[in-house]
Amino acid sequence: MRQKNILKLTAATFAIIGAGTILFNSAAEMALAASSRKAETVPTSYQVSESPERALPKTETKEEEGGKVNYSVSMDSLNIGTPTDTDLTMEEAAEAGNQYLKNIYGLDVEGAYIYMRYNPGTETFPRAFWSGDVLFQKERNPESTRWTYMIDAVTGELFNICYGTRLDVSVPLGYDAALEKDFHLYAELARKKTEECKLMNSPVDRVEYNCQGYDGNNPTIAVDVIGKDGEIINMSFSRYNQMFLGLITDSSRKVSESALYNAMGEVKYAGTENIEEKTVTRMTDTVE
């Protein structure tokens, strides 16, 4: 029951807030698994400036299947974290993220602008991570079409990945009660995506309804894909055009769940301690 509540909390955040905002404001609440559990590092000669702000992103050139892939990668101007010697470099993290984008979305990052952030961990997600914001325009705004991801800063394991774009039509964003009982279409889409991208270590056992929300002006639905070994991946789709939007994987869910339980335990203990202190005070006042 507690596990289900955690999934609903993270999925609701994912479905309602939107891709761009999630990356920078709620990334610590999400977690994703990847098709490969191994760390993937990429050697590079690109030099990172000591300043967190960069006026112009530098161009990164990568070899891919015999051809060159050109994209710009830079540290986000709002970045305040500093990676350690054991963490992936900014370039390595960006390349790992690009591989996830290619595997899950089939995205070619040729000509893309990639803005990276490093975070040593938060109270709700106590693991160091890199987050990336990928666009095909230099200027960014909340309504920009973008792909975002969050990966383990040391191993490169994927925690979450999502796609966000503004629809060119106006559609209802409200809750669709019928979908809670009949979400068969989205269950099949989630099962197919999981199997095609090899996102689980075991066969899919079932898909369960999770929640509904919206991403900007795009209504969304989230479902839980559950493997035979108990692994859980949360996926989000557009209720308007059934487009796959993103996912949260099992490994990050466990990190977030553990952190939340610990925090709840501390709050409960502190509350109990205060009650006992007040009780003793009242008894003393009575005796006096």
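In this chain, residues are counted from 1 in sequence order. All values derive from a computational prediction rather than experimental measurement.
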Side-chain ([X]) to main-chain ([Y]) donor-acceptor, under 3.5 angstrom:
| X | Y | answer |
| --- | --- | --- |
| Asn79 | Tyr118 | yes |
| Asn262 | Ser258 | yes |
| Arg146 | Asn141 | yes |

Partner of Tyr240 under side-chain contact (heavy atoms from CB on, under 4.5 Å), picked from Leu173, Asn218, Asn217, is Asn218
Electrostatic pair Glu208-Arg206, nearest N-O below 4.0 angstrom: yes
Mind checking whether Phe244 and Tyr105 have parallel, tilted or perpendicular rings, split at 30° and 60°? tilted
Tyr115 and Tyr113 aromatic ring geometry - parallel, tilted or perpendicular at 30°/60° bounds: parallel
Contact list for residues 159-178, test salt bridge (charged side-chain N to carboxylate O under 4.0 Å, His left out), sequence neighbours left out: Glu143-Arg166
Applying ring-ring contact (aromatic ring centres under 6.0 Å, His included) to Phe136 and not counting sequence neighbours gives Trp147
Treat each ILVMFWY residue as a node, draw an edge where side-chain heavy atoms are under 4.5 Å apart, and state whether Phe183 and Val171 are in one component. no
Euclidean distance, Arg127 CZ relative to Phe125 CZ, rounded to 0.5 Å: 6.0 Å
Sequence neighbours left out, what passes side chain to side chain contact (heavy atoms under 4.5 Å, CB included) with Glu196? Give chain and number order. Lys192
